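Written out below as structure tokens is the structure these notes cover.
Just so you know, these numbers come straight off a predicted model, no measurement behind them. The figures here come from the full heavy-atom set of this structure, side chains too, leaving out hydrogens, waters and symmetry mates.
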Amino acid sequence: MINFFILILLAVVFFLSAISGGIIKAGLRGALFELTIISLGMLLGPSFLGILNYNIFYQMEPILLMALAWTGMSLGMQLNANVLGKFTWHFYFYTIVEYFVTYLLVYAILFFVYGLGILGDVRPSAIHVIAAITSISSPFHIFSAAGREPRFDYVKFAGSFDGIIAILLFQLILILDHPASYFKVTHFTTSQLFLMVFSLSIILGLILNWAISFRFKRNEFTLLAIGFTLVVGGAAGINLFSPLFVALVVGIIATNLSPRYFIFARTLSAGEKPIFFLFLFLSGISAESVIAIRVIALFVISVVIGRIIGKIGGSFLGGYLTGKRQNIDASSLLIPQGNISLLLAVNYALLFPDINGDLIFAVIVGTYILNQIVGLLITAGGEDG
Amino acid sequence: MRRNFAIVIVLFLLMFFLRELYSITPARVVSSSLFTLLTGFAILTAFFTGNIFSSFSAPRIVGYLFIGMLFGPGVLHIFTHSDIGKLELMTQLALGLITISAGRELRVREILSRGRLIGRVITSHLAFLPLFLGIVIYFFFDISPVLALLVGLILTTASPAVPMAMINEYGVKGIFPQLVLSILILRDVLIIFLFSTVAVFYGGGGGLQPILLLFVSVFAGLVAGFGFAVLMRITRSNLFLFLLFLLILMYQFSVEYSLNYILMTVMFGFAIENMSPMGDAFLEVIESGSLPLYTIFFSLAGASLELDVLMKIGYIALVVVGARLLLLFVATYIPMRKTGSLKYYLFTGFVPQAGVSIGLAMILAGYFPEHKILADLVIASAVLNEIMGPFFFKWGIAKAGSENVSDV
């Protein structure tokens with residue numbers, strides 16, 4: 001018997017993905033559409049209609065692992081050395097500075113709030129994770145607002161690249177505070193697990209490179225994408241590592257070794273929309289806890305304030321240090337939060353199915369919603385001006 | 001071929017290594033992640049094994065079935081029955097796509113233009129197969145003649161999935177696939193109605209409701225198909241996602257209100273083909289995403305084959321399968337005797353047997369729990385026919401696939 005809740009959820013996700021392309025393409029702006037999906041999740045969630053509840057998360061773990069791996073592999077496929085080599089060091093340095101300034105500022109604020117002791121048994125590393133995840137910018141919003149103007153090139157690059165820094169930092173935090181040592185669920189040490197996962201990523205990357213060198217039809221590539229993302233998602237999950245990270249490594253290997261990587265990359269990018277909607281919808285289901293629990297609301301507001309200051313300050317500092325100064329128009333485009341943050345939050349919630357996971361997911365969803373609203377206001381203000 | 005073979009070996013080695021490595025990891029972690037990992041390996045190895053079989057001129061789906069059997073509870077026990085159950089959504093979506101495609105092959109004009117021939121074959125099948133298969137069953141088991149006839153009726157059904165997948169694989173067009181699918185579907189729809197009617201009166205439960213529900217299923221499928229055709233006029237983007245959405249809804253409705261999912265989806269395809277001009281555009285929609293679902297479907301079908309049941313009553317099943325083959329040939333040959341090579345090979349399309357027969361056998365077991373062995377016999381026969389079916393149909397395609405309309 002198929003789980004009724006998963007059926008409903010997938011039906012909604014397929015429906016939303018389908019209508020987003022054609023019927024209401026011009027009707028709603030990107031951010032507004034995302035907020036609508038989150039609202040729909042809230043509507044079907046436990047506080048309103050009660051059709052779906054938070055437990056669905058764990059019931060659909062295989063689908064989520066695959067979806068995370070799919071996105072990670074798609075990101076990894078974009079990291080082709082030939083493409084990356086076209087950008088000067090200024091771009092990378094600017095991105096690293098703007099990301100880490102935001103990260104440190106958000107962390108400092110959260111550390112202060114955490115020090116008040118109102119969160120109970122939350123692990124200190126959870127604060128690092130929130131800071132790492134919320135520091136991601138939204139490339140979608142930057143590209144749609146900036147158009148083709150060259151003065152926005154740096155923020156466009158930062159928006160595309162800081163999600164990858166966040167995935168690496170997220171995995172680093174997990175290595176230093178691995179769930180395996182916390183839950184005592186495996187006999188391997190963290191360093192053994194890391195070694196195994198890394199070796200496995202390389203092996204899977206080589207197999208993928210081998211497989212996509214065959215001449216396949218388009219729908220055969222879809223099948224390969226499903227098979228490989230399931231394997232990668234499962235391999236990451238079983239080691240309690242991030243599927244985004246493992247798949248990123250697999251994607252990087254394949255993209256840099258295979259001359260035919262772009263066909264596979266195209267297949268992966270075609271499947272991203274339903275995945276994104278799935279995560280938005282899941283976010284909506286848990287979003288009500290942000291409103292329901294005041295402590296989380298306090299956390300969310302602190303993060304959003306720290307993040308706005310961090311993004312604008314980080315952009316100024318990065319521009320100043322690289323000699324490519326960014327004005328407020330460009331820097332403010334970094335404020336909307338990237339959707340990879342939702343994926344990382346789900347990933348964390350799956351790894352820590354306790355108060356840590358719940359808290360982080362709720363905070364990230366809260367900051368995501370607020371940052372989208374702020375981003376919408378900024379974009380609207382820019383257009384009016 | 002060598003590269004496909006090498007990649008299958010590498011995938012197998014890696015899978016067994018990982019399975020052993022993590023066999024000591026506690027269940028909380030293993031349950032979901034290991035299942036995800038193994039499902040991925042199963043899909044990839046099935047795909048590459050299908051390619052290997054194809055290079056030996058065997059149908060790809062035999063490769064998928066083979067890998068499914070290997071991974072399933074009957075052989076390597078990599079997937080348990082509960083694991084297979086977890087993938088039921090995939091099975092239902094794939095089955096829906098297959099039966100929709102089959103329904104699309106029911107073109108009213110073509111059926112009417114060859115109505116007599118189709119009618120004669122269906123009548124011949126329904127006259128010969130249930131009766132003579134019933135006699136064979138009656139010979140082996142101590143049951144009433146009506147019950148034997150019901151089992152014979154179930155054994156007459158065939159699977160549209162194998163012919164549909166192979167028609168796609170080999171790109172067969174023309175009279176041969178049209179006749180196979182039209183006869184198979186119309187005949188099986190009639191059998192479902194006949195079975196429900198006889199079982200209701202003979203089994204003594206449920207009143208007329210099951211028959212009424214079949215009509216509701218037909219109507220619901222027609223409405224959904226017509227709705228989808230209207231949608232296709234409005235937009236052409238993301239239609240495959242819409243289709244998946246509708247399939248999930250249809251499946252949920254069928255579970256919730258005891259409707260017949262297969263009938264609904266067949267009628268869905270029928271409505272699009274016959275009640276709108278969108279048939280060809282719809283074919284593109286289906287083809288854009290069907291391969292992954294077909295691979296998963298046939299791998300799972302292989303894993304679900306009850307090899308232990310086959311072992312238990314294998315010799316009776318062999319006799320039944322042999323009798324069914326012979327009867328299919330005779331019952332197809334007689335009404336087709338004035339056609340070209342079709343009279344010899346059309347029966348090959350009706351050999352594969354799966355979902356419908358197993359579903360009806362389960363209903364029968366529910367009505368007559370004291371004769372569960374009859375359901376086991378149907379399952380064992382379906383296992384054999386599912387393995388042999390693709391080879392027979394490939395043979396039929398090779399011999400009569402290029403037959404044209406003037407030969408009929």
Side-chain angles (χ1 to χ4, degrees), chain A residues 1-4 6-8 10-23 25 58 61-63 65-66 180 183-188 196 200 203-204 207 210-211 213-214 217-220 222-240 273-274 350, chain B residues 3-4 6-7 10-11 14-15 18 21-22 24-26 28-48 51 85-86 88-89 92 231 234-249 251-252 255-256 287-292 295-296:
Chain A
M1 186 72 182
I2 303 170
N3 185 311
F4 170 74
I6 293 179
L7 270 181
I8 293 289
L10 288 180
V12 173
V13 167
F14 285 140
F15 181 72
L16 291 171
S17 312
I19 59 169
S20 70
I23 295 176
K25 197 175 183 177
Y58 307 106
E61 190 172 345
I63 299 174
L65 288 174
M66 179 192 153
F183 292 115
K184 309 272 182 246
V185 290
T186 171
H187 303 277
F188 300 112
M196 288 195 303
L200 197 58
I203 293 169
L204 289 172
I207 298 175
W210 187 19
S213 65
F214 293 23
K217 292 178 199 152
R218 199 177 142 199
N219 56 6
E220 290 175 321
T222 310
L223 186 119
L224 283 181
I226 293 171
F228 271 100
T229 48
L230 280 169
V231 169
V232 171
I238 205 164
N239 289 295
L240 296 168
K273 195 157 63 176
L350 288 175
Chain B
R3 286 207 299 182
N4 282 306
I7 210 161
V10 169
L11 288 170
L14 189 61
M15 183 186 68
L18 291 174
L21 189 68
Y22 295 104
I24 49 170
T25 310
R28 189 188 77 77
V29 182
V30 170
S31 58
S32 286
S33 303
L34 189 61
F35 170 71
T36 312
L37 182 83
L38 295 175
T39 306
F41 274 118
I43 291 171
L44 291 174
T45 44
F47 172 65
F48 288 106
N51 288 350
K86 285 181 197 163
E88 200 190 332
L89 177 61
Q92 295 302 336
L231 184 74
I234 302 169
T235 179
R236 284 294 174 92
S237 61
N238 299 320
L239 284 171
F240 190 70
L241 290 168
F242 262 122
L243 188 59
L244 292 179
F245 164 71
L246 280 178
L247 280 173
I248 291 178
L249 285 193
Y251 173 75
Q252 190 53 38
V255 171
E256 203 72 26
E287 282 179 351
S288 66
S290 57
L291 179 84
T295 311
I296 296 166

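In this structure, A/Leu224 and A/Ala211 approach most closely via the heavy-atom pair CD1-O, 4.4 Å.
With chain A as the partner, the residue from B/Ile7, B/Leu14, B/Leu244, B/Ile43 showing the most heavy-atom pairs under 4.5 Å is B/Ile7. Contacts with chain B were tallied for A/Leu65, A/Ile203, A/Leu204; A/Leu65 has the most, counting heavy-atom pairs under 4.5 Å.
For B/Asn51, the part sitting under 4.5 Å from any heavy atom of chain A is the side chain, from C-beta outward, and nothing else. With a threshold of 4.5 angstrom between heavy atoms, B/Ala6 approaches chain A through its backbone and through its side chain.
The shortest distance between side-chain heavy atoms of A/Trp210 and B/Arg3 falls below 4.5 Å. Side-chain atoms of B/Tyr251 and B/Leu247, non-hydrogen and from C-beta on, never get closer than 4.5 Å to each other.
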Distance-only donor-acceptor hits, side chain of residues 226-238 of chain A, under 3.5 Å, sequence neighbours excluded:
unit_1   : atom_1 : unit_2   : atom_2 : d
A/Thr229 : OG1    : A/Ala225 : O      : 2.6
A/Thr229 : OG1    : A/Ile226 : O      : 3.1

